[in-house]
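No experiment lies behind these values; they were computed from the predicted model shown. Nothing fancy with the numbering, it's 1 onward along the sequence. Numbering of ligands and ligand atoms starts at 1, following listing order.
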Amino acid sequence: MTLQKNLDRARGIDFPTNAVIGGKLIGAKCGKTFDNVSPRDGSVVSKVAACEAEDIDAAVKAARAAFDDGRWRNKHPREKKKIMFKLAELMERDLEELAFLETLDMGKPIRDTLSVDIPTAINSIRWYAEALDKVYGEVAMTPSERLSFIVREPLGVVGAIVPWNFPLHMACWKVAPALATGNSIVLKPAEQSPSTALKLGELALEAGIPPGVLNVVPGFGDTAGQALARHMDVDLIAFTGSGEVGRKLMSYAAESNLKRVALELGGKSPQIVFADAEDLDAAADAAAWGIFFNQGEICNAASRLLVEASIKDDFVKKVVERAAQYAPGDPLDPASATGAIVSESQMRRVLGFIDRAPKEGAVLARGGKRAREESGGFYVEPTVFDNVANTHALAREEVFGPVLGVIAFKDEDEAVRLANDTVYGLASGLWTANISRAHRVARKLRSGLVWINGWDACDITVPFGGAKQSGFGRDRSLHALEKYTELKGISITYRP
Ligand code: NAD
């Protein structure tokens, strides 16, 4: 694979632009489209159906009809599994195309979309297909004249609203368990990255998922997204995105039909490096990767680096050296480790934090500028700020870009206090060779995930989600199935 070959391949990519509603590929009823801008060079790569409330309503009606007549949920589990496996197979067949779509839509490097994003999404579909007939109900301990059993039933119509940072991967974290449990779905991708979700909708039909079961409706958040979250016939909104929108979704649910809401929100995740860590080079690798991978556009980015004061200066040098490996390049270049920031407005937001940090007292140790401006795209240098205080905006607000803040601490108590002094609680990490300290600190950190001597040790078998304002509800693992099902207790009374 070379840059030239990828440029040629990219020219031949056919962008899906229509909504998938009730098994049909259709434009928005209002006839409008929106520009899908590639952050790679600022060009418009496709014009996508700008769906609104009436399209959402059509999709919800199609989903409800499919749920009510049981065309999916009442299929034999073996059959459902076969169809989901077929979907995974088709995604594998089209892996390269999906990877190019995602790279062009949101600017992430092709080497990651080919080896991480799309394979991980496929793995989610397979994993939940495998799980779907392995989770049983319960029999309760009731008096002898009664038999009570507890079953899990699908909720009905699931509205899934997803962000742009891992477009297909996040969509599949929701679509796969929702399908496995027999629900119908209306998926609304982010307006910055609609293409792979639309393609997923098409592939689902090809795989044999009955029409109406998986509907994909592109559009803007305050139109299509809001209409979905306010819809009176949607049973759950499964959301990944910002806290600001998460709050709105809770109020839309309260103001409409009290639908369930599950929120996977942002983070300001601390990575704590103690002086007694066994391998400070590995810790420095993880510190750089944890913030610069995916241009820092990761909810669980290791954006606060807490380092024990006695080793701080040396450790920062190591991280700064490693940052050079993440210099942004053309996302289509197989040599690029990072690519473009998703949009011009997101890039400006990131540069705004960079501007403000020195004014609050942080010291720029590396980067700090826009890059590759001549490309027409939106790139930011991997940036490290030293001498950050936990009160600075850089330590409190989610930047969602390649900007690291280094904070020194003097002892374990202070490290834990600083780590927990945030409204977020998605992930935390710590590096130490002391096993007692590792356990002690891990139990004190208030976050949904804690990684010891490694960062982002993610696996589909472990639930993903946060504490505090990072949200509630979990993606991944068998626990995700709980979100898409309702418990029902059924009791039979008989003569003893
Ligand atoms: P965002 O909240 O702006 O948008 C997410 C989705 O919500 C998009 O599809 C958008 O169209 C939709 N939306 C926007 N306004 C809406 C409204 N009023 N009603 C209904 N839907 C609406 O987030 P983003 O900028 O796309 O993504 C970045 C955010 O996602 C970050 O905060 C990041 O931390 C978070 N994130 C969290 C996780 C996690 O698992 N915890 C994973 C990835 C990203």
Review point. Would you say Arg446 has more than 12 foreign heavy atoms packed within less than 6.0 Å of its CZ?
Key: no
Exercise for review: Could you tell me the residue and atom name of the protein heavy atom closest to atom 35 (C) of ligand 1, and the distance to it rounded to 0.1 Å?
Suggested key: Gly241 O, 3.1 Å
Point to revise | Asp475-ligand 1 polar pair, N/O distance under 3.5 Å | key: no
Practice item. With atom 3 (O) of ligand 1 as the reference point, say which of Ser193, Gly219, Ser242 has the nearest heavy atom. Key: Ser242
Practice item. Between Gly221, Ala227, Ala190, flag the one that comes closest to atom 14 (C) of ligand 1 by a heavy atom. Key: Gly221
**Study point:** Name of the residue among Leu404, Ile407, Leu364, Val406 meeting side-chain contact (heavy atoms from CB on, under 4.5 Å) with Phe385
**Key:** Leu364
Study note, to complete from the structure: The atoms of ligand 1 lying under 4.0 Å from a heavy atom of Thr240, numbered in the order shown, are 5 (C), 36 (N), 37 (C), 38 (C), 39 (C), 40 (O), 42 (C), 43 (C), 44 (C)
Practice item. Measure the distance from atom 12 (C) of ligand 1 to every protein heavy atom, then report the residue, atom name and distance (to 0.1 Å) of the closest one. Key: Ile161 CG2, 3.6 Å
Review point. So with a 6.0 Å cut-off around NZ of Lys32, is the heavy-atom count from everything else above 12?
Key: no
Check your understanding: What protein heavy atom is closest to atom 27 (O) of ligand 1, reported as residue, atom name and distance in Å?
Key -> Pro163 CB, 3.3 Å
Point to revise | Gly225: numbered ligand 1 atoms lying under 4.0 Å from its heavy atoms | key: 19 (N), 20 (C), 21 (N)
Check your understanding: Can you name the one residue among Ser269, Ser470, Ser428 that meets side chain to side chain donor-acceptor pair (under 3.5 Å) with Ser447?
Key -> Ser428
Study note, to complete from the structure: Given the options Thr17, Asp14, Asn36, Ser46 meets side chain to side chain donor-acceptor pair (under 3.5 Å) only with Asn36
Review point. In terms of heavy-atom contacts, does CD of Glu373 have more than 12 from other residues, nucleotides or ligands at under 6.0 Å?
Key: no
Review point. Is there a donor-acceptor contact under 3.5 Å linking the side chains of Ser195 and Asp105?
Key: yes
Review point. Parallel, tilted or perpendicular for Phe400 and Trp164, by the 30°/60° rule?
Key: perpendicular
Revision key, fill the gap. Within 4.0 Å of some non-hydrogen atom of Lys248, the atoms of ligand 1 are 18 (N)
Exercise for review: Report the nearest protein non-hydrogen atom to atom 18 (N) of ligand 1: residue, atom name, distance rounded to 0.1 Å.
Suggested key: Tyr252 OH, 3.0 Å
Review point. With a 4.0 Å cut-off, would you call Lys188 and Glu191 a salt bridge?
Key: yes
Review point. How close does the nearest protein non-hydrogen atom get to atom 28 (C) of ligand 1, and which residue and atom is it?
Key: Phe400 CE2, 3.4 Å
Study note, to complete from the structure: Looking only at protein heavy atoms, what sits closest to atom 41 (N) of ligand 1 is Leu265 O, 2.6 Å
Review point. Side chains of Gln271 and Trp431: do they bring a donor and an acceptor to under 3.5 Å?
Key: yes
Practice item. Please identify which atoms of ligand 1 are closer than 4.0 Å to at least one heavy atom of Gly266. Key: 34 (O)
Exercise for review: Just let me know how Leu249 lines up against ligand 1, side chain, backbone, both or neither, with a heavy-atom cut-off below 4.0 Å.
Suggested key: side chain
Revision key, fill the gap. Atom 9 (O) of ligand 1 sits nearest the protein heavy atom Val162 O, 2.8 Å
Check your understanding: Quick check: does any side chain N or O of Arg396 sit under 3.5 Å from a backbone N or O of Asn390, one acting as donor and the other as acceptor?
Key -> yes
**Study point:** Residue Glu191 vicinity, atoms of ligand 1 by number, heavy atom under 4.0 Å
**Key:** 10 (C), 11 (O)
Practice item. Report the nearest protein non-hydrogen atom to atom 42 (C) of ligand 1: residue, atom name, distance rounded to 0.1 Å. Key: Cys299 SG, 2.9 Å
Review point. By number and element, which atoms of ligand 1 are closer than 4.0 Å to a non-hydrogen atom of Leu426?
Key: 41 (N)
Check your understanding: At a 4.0 Å threshold, what atoms of ligand 1 neighbour a non-hydrogen atom of Pro189?
Key -> 9 (O)
Review point. Within 45° of the six-membered ring axis of Phe464 and under 6.0 Å from that ring's centre, is NZ or CZ of Arg476 located there?
Key: no
**Study point:** Numbered atoms and elements of ligand 1 in range of Asn165, under 4.0 angstrom, heavy atoms
**Key:** 43 (C), 44 (C)
Study note, to complete from the structure: Nearest non-hydrogen contact to atom 26 (O) of ligand 1 from the set Trp164, Trp173, Phe220, Phe464 belongs to Trp164
Exercise for review: Please work out whether any backbone atom (N, CA, C, O) or any side-chain heavy atom from C-beta onward of Met170 is under 4.0 Å from ligand 1, and answer side chain, backbone, both or neither.
Suggested key: side chain
Exercise for review: Applying side chain to side chain donor-acceptor pair (under 3.5 Å) between Lys108 and each of Thr103, Asp117, Thr113, report the one that passes.
Suggested key: Asp117
Check your understanding: Can you tell which part of Glu398 has a heavy atom less than 4.0 Å from ligand 1: side chain, backbone, both or neither?
Key -> side chain
**Study point:** Minimum heavy-atom distance between Val307 and Leu305, given as atom pair plus value
**Key:** CG2-CG, 3.6 Å
